[in-house]
Every structure is written in C-alpha cells, then in structure tokens.
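One structure below.
No experiment lies behind these values; they were computed from the predicted model shown. Reminder, nothing fancy here: chain letters follow the sequence lines and each chain counts from 1. Side chains are part of it too, since the values below use all heavy atoms of this structure and drop only hydrogens, waters and symmetry mates.
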There are 2 protein chains.
Amino acid sequence: MTEKKEQILEAALHLFAQEGYAASSTSKIAKSAGVSEGLIFRHFGNKNGLLVELLKQTQETINQVFSPIFRETDPKKILLKTLNLPLSIEKKHYDYWRLQYKLRWEPAYTNSETFVPILTKFEEAFTSLNYENPKMEAILFNQLLNSIAIDILLNKFEKNYISFLKNKYKL
Amino acid sequence: MTEKKEQILEAALHLFAQEGYAASSTSKIAKSAGVSEGLIFRHFGNKNGLLVELLKQTQETINQVFSPIFRETDPKKILLKTLNLPLSIEKKHYDYWRLQYKLRWEPAYTNSETFVPILTKFEEAFTSLNYENPKMEAILFNQLLNSIAIDILLNKFEKNYISFLKNKYKL
DNA sequence: TAATAATGTGAGTAATCGCTTACAAAGATA
DNA sequence: TATCTTTGTAAGCGATTACTCACATTATTA
C-alpha cells in the first residue's frame with residue numbers, strides 16, 4: 001500500500017466518521033489527505049469503493065478487539081473482559097467505531113450486524129452461570145455494551161458506571 | 001400553517017430521517033412534497049431552517065411522550081410506564097425519533113441531550129425503591145430505554161425482551 | 001371593489017458534485 | 001539502457017447543489 005493511498009484512507013475515515021459519508025466530498029478528502037482528487041478514483045474506482053475499503057478495515061479492527069473474548073471459556077471472564085473492552089479501545093480507532101455505529105442509521109449501506117456472534121457467546125456464559133433466562137440476559141448484556149460504547153464515543157461517559165456493572169454481575 | 005408548507009415538512013422529515021440531512025437535496029424534498037423548490041426557501045429561509053423547524057417539532061413530540069412519566073410519582077409506575085413507552089410510540093412518529101437518534105452522530109448539530117431531565121426522575125424512583133446506587137441505576141435504566149428504542153427503529157426488536165425487563169425490575 | 005399582502009412558480013445563478021482523461025513522473029523488469 | 005507498468009497530477013466534464021428573483025396567483029384587508 002502506497003503512502004498516499006494510506007493518507008487517503010485516513011482522511012476519508014476521519015471525514016466519514018465525523019461529518020458523514022454524503023457530507024464528505026472527494027475534493028475535501030483529497031485536500032485533507034494532501035493528494036490530487038484524481039488519485040482517489042485511481043485507487044478506489046469511485047467514492048463508494050473508498051467506503052467499502054474502510055468498512056473492510058473496520059471489520060478487521062472489530063474482529064481483533066473481540067477475538068480474546070471468543071477464545072475465553074470461563075463465563076465470568078467472558079463478561080468481565082467484555083465490560084473492560086470499551087475503555088481499552090485505542091483513541092486512534094475511535095473513528096472506526098464511530099463509522100460503524102453511524103452507518104447503522106443509513107439504510108443504503110445495509111451493514112449486517114457484525115456483532116451478532118458475540119450474542120451466542122454471552123448466552124453460553126449466562127447459561128453456565130445458571131441465569132434463569134440466558135437468551136434475554138445476553139441481549140440485555142449486549143445492549144449495555146453498545147450503550148457504553150456509544151456513550152464513550154459521544155463523550156457522555158460516566159466512569160464509575162463500569163465498576164457499578166461489574167458489581168451487579170458479581171465479577 | 002399552509003397545506004403545502006406542511007407537505008414540505010413531512011417530506012423533509014422523512015428524507016432527513018431516512019437518507020440523512022446532507023443526502024437530502026432541496027430539489028428532492030420539493031419533488032417529494034409536490035411543490036416548487038423555491039417555496040422551501042420562501043417558508044424556511046434556507047435548508048438549515050427547515051431542519052430547525054423539524055427539530056422543534058421533534059422536541060414537542062418527545063415532550064408529549066415523556067410528560068405522563070414526569071407527572072407520575074409512584075416509583076414503580078414510573079419504571080413501568082417507561083418500559084411501556086417504546087412499544088406505544090406511533091408508527092407515524094418514527095421518523096421524528098430516527099432523526100433524533102441519527103443527529104446524535106452529527107457534531108455539527110450539537111443537539112443537547114433532550115432526555116436529560118428524565119434521568120433525575122429515574123434516580124428519584126430508584127431512591128424510593130431503596131436501590132443501593134440510584135444514580136447508576138438511573139443511568140443503566142436510561143441506557144436500556146435508549147437501546148430498546150434503537151432496536152425498534154432498526155427493526156431488531158425482540159418482543160419478549162420488555163416482559164423480561166419488567167420481571168427483572170419486579171414491576 | 002380596489003389595494004395590499006401572502007403564497008406559489010419556474011427559470012436562472014455560481015459553486016460544487018463525482019468522475020474522466022490526457023499526460024507526466026517514478027519504479028520495476030528485460 | 002530501453003520498455004512497460006504503476007503512481008500521480010491537473011484540467012475539465014456534465015450533473016447537481018443551495019439559493020435568488022422576477023413574476024403569477026390567491027387571500028386578506030380597506
């Protein structure tokens with residue numbers, strides 16, 4: 001991957017995640033990347049190709065973050081590691097997550113829920129812990145995870161909240 | 001309010017909520033409303049004025065929905081009525097809620113959290129119910145409410161989930 | 001009824017949109 | 001070194017953008 005190609009991706013990610021896809025013109029992206037506008041189309045075909053490439057990178061980032069949880073078998077550790085996730089995410093990856101959450105509201109980019117498999121992982125954990133309704137507990141837990149992530153991304157995060165949750169789940 | 005003015009607002013609300021603000025051109029709005037493009041600017045000055053008017057309506061809609069909860073004093077009923085809220089929302093109001101949640105991701109329209117006062121209402125309820133940490137319980141409860149609303153708007157809603165929550169809170 | 005105001009239209013504006021293309025520079029291969 | 005491929009630029013394309021304005025129609029008031 002060329003240096004300029006990476007600069008384009010970087011600039012586009014930031015603009016898409018902050019201003020939105022439609023509001024980020026290719027000329028703005030090129031200017032922000034310090035590159036001629038034509039180069040975007042040389043490398044990615046069209047504006048949408050740029051987004052597709054970024055979504056691929058986003059998926060990889062997400063997979064990497066979740067993989068230690070998938071490898072975990074101890075139910076309590078599954079929940080504990082999950083609750084530790086949001087705060088362990090690197091600032092430089094924030095735009096990937098912003099893009100992911102933002103695109104949930106764009107019907108055009110039917111981004112299939114990439115977090116789905118984690119739900120069954122939670123369900124297994126709650127089953128092991130003898131919770132009465134593991135399926136629903138998994139949904140609840142997953143919603144909490146998403147809410148925390150969103151609050152962090154939107155700078156509305158209450159830092160004592162996670163310890164409160166750990167206490168609630170006896171972790 | 002003229003009929004054509006209302007048609008403009010209706011068309012704009014739907015387009016903004018579905019496709020997004022930037023992606024919804026004034027010409028598309030006018031065509032969808034069955035109105036000349038110039039009329040948008042006669043009534044609302046510019047495209048942003050159209051959004052401002054819609055946000056005002058959104059705020060009114062939200063206030064109306066929450067007002068019975070603000071009037072409620074019985075703590076259990078506060079929580080119960082809140083959990084019943086998401087499913088009681090009229091389909092024709094969905095676009096207002098979509099717009100609201102969508103705009104949370106647009107830093108340009110610093111839409112101050114309109115749900116904030118409800119948090120203290122929840123906190124009062126949990127205090128009355130002798131929960132150990134009412135403040136955090138309120139945050140948790142509020143996150144659940146938002147998650148449910150989002151799931152409904154994104155068609156990912158599990159209908160048994162709300163009864164599960166009612167049971168959890170002994171309501 | 002006549003004058004005034006509010007509502008509505010459609011053609012037009014400059015600026016910007018995503019994208020193409022001709023061409024130059026740089027790198028790789030023979 | 002000579003040829004070919006990849007990487008990069010800049011000008012320019014038709015289409016669309018938000019918006020204006022001169023004008024027509026309808027409603028309100030005097």
Pairs under 3.5 angstrom only: tabulate donor-acceptor contacts from the side chains of residues 40-50 of chain B to other protein residues two or more places apart or in another chain.
| from | atom 1 | to | atom 2 | distance (Å) |
| --- | --- | --- | --- | --- |
| B:Asn46 | OD1 | B:Asn48 | N | 3.2 |
| B:Asn46 | OD1 | B:Gly49 | N | 2.8 |
| B:Lys47 | NZ | B:Tyr21 | O | 2.9 |
| B:Lys47 | NZ | B:Ser24 | O | 3.0 |

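- Spacing between atom NZ of A:Lys31 and atom C1' of D:dA10 amounts to 13 Å, rounded to whole angstrom units.
- A distance of 6.0 Å separates CG in B:Leu55 from CG in B:Leu103, rounded to the nearest 0.5 Å.
- Within residues 2-26 of chain A, the residues that place at least one heavy atom under 4.0 Å from DNA chain C are, in residue-number order, A:Ser24, A:Ser25, A:Thr26.
- Between A:Ala17 and A:Leu99, the shortest heavy-atom contact is CB-N, 4.1 Å.
- In summary, A:Lys81 and A:Glu72 engage in a salt bridge, as defined by a charged side-chain N under 4.0 Å from a carboxylate O.
- When all heavy atoms are compared, the tightest approach of A:Arg104 to B:Lys156 is NH1-NZ, 3.9 Å.
- Looking at B:Thr2, its side chain never comes within 3.5 Å of a backbone N or O of B:Lys5 through a donor-acceptor pair.
- Among residue pairs with one or both ends in residues 127-149 of chain B, those qualifying as ring-ring contact (aromatic ring centres under 6.0 Å, His included) are B:Phe122-B:Phe141, B:Phe126-B:Tyr131, B:Phe126-B:Phe141, B:Phe141-B:Tyr169; sequence neighbours excluded.
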- Applying side chain to side chain donor-acceptor pair (under 3.5 Å), run through A:Tyr161 and A:Asp151 and close with a yes or a no. CA-CA 11 Å; A:Tyr161 182 60; A:Asp151 279 1; over 6 Å; no
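- We find that CD of A:Glu37 is positioned 12 Å from P of D:dA10, with the value rounded to whole Å.
- Near DNA chain C, defined here as any heavy-atom distance below 4.0 Å, the residues from residues 39-52 of chain B are B:Leu39, B:Arg42, B:His43, listed numerically.
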Might you list the N or O atoms of the protein lying below 3.5 Å from N or O atoms in nucleotides 26-29 of chain D, with each pair's distance?
none

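- Salt bridge A:Lys168/B:Glu137: present, at least one basic N to carboxylate O contact under 4.0 Å.
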- Task: Might you work through the side chain to side chain donor-acceptor pair (under 3.5 Å) test for B:Lys166 and B:Asn84, ending with a clear yes or no?
- Result: CA-CA 9 Å; B:Lys166 286 182 188 171; B:Asn84 283 332; 2.7 Å; yes
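- B:Leu54 approaches B:Tyr96 most closely through the heavy-atom pair O-CE2, 4.2 Å.
- Contact record, A:Leu171 with A:Lys76: CD2-O, 3.7 Å, taken as the closest heavy-atom pair.
- Side-chain contact between B:Leu9 and B:Glu53: present, with at least one pair of heavy atoms (C-beta onward) separated by less than 4.5 Å.
- Interface limits on DNA chain C: the 5'-most and 3'-most nucleotides within less than 4.0 Å of chain B heavy atoms are C:dT7 to C:dG10.
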